[in-house]
Amino acid sequence: MSQSRENWGSRIGLILAMAGNAVGLGNFLRFPRQAALNGGGAFMIPYFVALLLLGIPLMWVEWAIGRFGGAHGHGTTPGMFARMWRHPLAKYLGALGIAIPLSFVMYYTYVEGWTLAYACFSAIKHYWGVDTFAEMSRFLAEFQGKADLSQGAQYFSGIGVALLFYCVTLGLNLFVLSHGVAKGIERLAKIALPALFLFALVLVIRVITLGTPDPSHPENSVAAGFAYIWNPDFSMLKNPTVWLAAAGQIFFTLSIGTGSIQTYASYVKRNDDIALTGLSTSATNEFAEVILGGSIAIPVAVAFFGLAETQQIAREGSFDLGFQAMPIIFQKMGALGPLYGTLWFALLFFAGITSSVALAQPVMAFMQDEFRWSRKKAMFFTGSLMAIGGLACVFFLKHGFLDEMDFWAGTFGLVIFALIEVLIFAWAFGIDNGWKEITRGADIKVPRAFKFIIKYVTPVYLLLMLIAWTWQDAVPILLFAKQPAQDAPYPPEDIPYVLAARLLMLGTFVLFAVLVGVIWRRRHRQEGLV
Ligand code: PHE
Ligand code: NA
């Protein structure tokens, strides 16, 4: 069974692919916003606590589950969970590890398409002259099809351009997926990851040397931006929302709780190290996030607009810092402005595509491993599913479709799934078996404290997060009393679209749960015959 499965081509290829999985839009767009909204330095303490007690332990758990599953011919969590917990429910819970990344990738690919579009816009100076917040916000809203065009369009007459870039992005993703793990994903990572680091480095150096761009406002400086992120504010530790936001960011950024790490790890050979490799890829992600991601958007925005306005920009919307503040700043950077703009959005695109293929791979692997589909056939199936959700995001963005998907599939769902998986791993499979899986072939000595952390601390931490989030966000959002990431309730006209988004996510889960049922029954019957 397992001889037909693929493997990574080399260890460095594996590290780059896994780092590519983790390093994504979250590092450069989501992290700066979360830090700005949650008190800068105040955010970093709960952030590192969550990294140590949730991020690192769950990362090892997921690598271990994945490699274990791969050795038994399973690249996705239904087969993995069923092997670790001999209960009929296990495989259906595992269907979450396909439905969550699929729902995630539906909207993620659309945002990735914006980065490609803005990279082109920067290169041809398309938005040059659009240099106030009001105008840039209009530009983005028209591009996204959010603007009210009844008074006439100024920049885009419809959704056509965004749609075009979405289709190109989806096509590129499918092209990579159609070449498989070693020749597609690994090869992409070998180009995209070094390029991304190079672009980020160039931008960081440019930011650091900016100083005080406007001498009449000496308080608006790059140094003030760094001070903001790095000065810890211990009084914020009393605030549970900051803890939740920090833990949510750790999940999102490390790609934990989706099923995508397990799928990538299933292509690791049975006795190859996962402890050190997993740690290295997490460290790479953290470097890209706090050092590179933390040194671009926030310091530069503080330098040009000041701290108060930067926080205001962050509050306005998820993408305002990256897609509104940054384009205004590039126009103030002189002759090299278009170059910096192109580098910024190309960096985002590379970060995005190495993550979106990771989110799509579980569906690919499930159809190939369990249904024996060819890669081509799996690619068409995956692409069609991605397109359904992606196109819905393109056309219904203004009705909150994307935000709704982001909350359930990109935030809340991850914690639920992680709790299920850590319980299966440490309690059903058993922490002793689990510990053996983590440490087999290990090139480092994993501190034994993590055995205790994985068994007790991580599950309790997750449970507390889940309770707090259910009460604070999930229930109000479910009842339409609140929109994700906003304090205002849903406008009534959005409710049908929000319901459609929920139905779509539920539909993906039901689809894969049914497929799991079908294939298990079929296998059962075949085993009965022989
Ligand atoms: N970690 C990615 C980011 O930071 C997002 C992602 C989550 C990718 C889950 C794959 C799986 O953007
Ligand atoms: Na990340």
Side-chain angles (χ1 to χ4, degrees), residues 16-35 47 50-51 54-56 58-59 62-63 66 76-77 96-112 114-115 173 176-177 185 188-189 192-193 196-197 200 246-265 278 280-294 296-297 318-319 322 347-365 382 386 405-418 421:
L16 289 173
M18 273 284 197
N21 178 341
V23 177
L25 302 173
N27 299 51
F28 299 95
L29 293 177
R30 199 180 190 276
F31 173 78
R33 174 168 195 252
Q34 290 298 323
Y47 179 86
L51 175 65
L54 295 174
I56 305 284
L58 285 168
M59 176 273 301
E62 297 199 342
W63 277 74
T76 42
T77 47
L96 280 173
I98 307 168
I100 292 176
L102 175 60
S103 304
F104 203 138
V105 78
M106 286 171 171
Y107 71 88
Y108 196 90
T109 314
Y110 184 36
V111 180
E112 195 181 310
W114 303 347
T115 68
N173 274 277
V176 173
L177 291 172
I185 294 172
L188 167 74
L193 223 70
L196 168 180
F197 272 87
Q249 178 61 22
I250 283 295
F251 263 84
F252 193 102
T253 193
L254 287 173
S255 305
I256 283 169
T258 55
S260 94
I261 291 184
Q262 296 87 327
T263 296
Y264 270 22
S280 324
T281 61
S282 306
T284 309
N285 181 68
E286 290 315 306
F287 175 78
E289 178 143 302
V290 298
I291 305 299
L292 301 176
I296 303 175
S318 325
F319 304 108
L347 141 76
L348 292 180
F349 179 72
F350 282 154
I353 192 166
T354 49
S355 294
S356 54
V357 293
L359 286 161
Q361 185 61 22
V363 180
M364 295 284 298
T382 310
M386 281 168 76
M405 304 266 297
D406 185 42
F407 177 74
W408 297 106
T411 313
F412 196 69
L414 314 189
V415 182
I416 297 187
F417 185 67
E421 112 185 307

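Both counts, for ligands and for their atoms, begin at 1 and track the order of listing.
No donor-acceptor contact under 3.5 angstrom links the side chains of Q361 and T263, judged on distance only. Side-chain contact check for N173 and E112: at least one donor-acceptor pair (N or O, by modelled atom type) lies under 3.5 Å.
Nearest non-hydrogen protein atom to atom 8 (C) of ligand 1 is S255 OG, 3.3 Å. In this structure, atom 5 (C) of ligand 1 lies nearest to the protein heavy atom F252 O, 3.6 Å. Nearest protein heavy-atom neighbour of atom 11 (C) of ligand 1: L359 CD2, 3.2 Å.
You'll find the side chain of R30 stays beyond 4.5 Å of the side chain of S318, heavy atoms only.
Computed with the Na ion (ligand 2) at the centre, the N285 OD1 to A22 O angle is 80°, stated to 10 degrees.
Remark: ligand 1 atoms within the under-4.0 Å shell around heavy atoms of S260 are 10 (C), 11 (C). Applying the 4.0 Å criterion to heavy atoms of N27 picks out, from ligand 1, the atoms 4 (O).
Remark: among candidates A22, G26, G293, the nearest residue to atom 1 (N) of ligand 1 is A22, based on non-hydrogen atoms.
The residue from V111, T109, L177 that alone fulfils the side chain to side chain contact (heavy atoms under 4.5 Å, CB included) condition with S356 is T109. Partner L347 forms a side chain to side chain contact (heavy atoms under 4.5 Å, CB included) with one of N27, L292, L196, T115 and no other, that one being L196.
When heavy-atom distances to ligand 1 are checked against a 4.0 Å cut-off, N285 has no atom that comes that close, whether in backbone or side chain.
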Quick one: do N285 and T253 satisfy side-chain hydrogen bond (donor to acceptor under 3.5 Å, both in side chains)? Show the steps, please. CA-CA 8 Å; N285 181 68; T253 193; 3.0 Å; yes
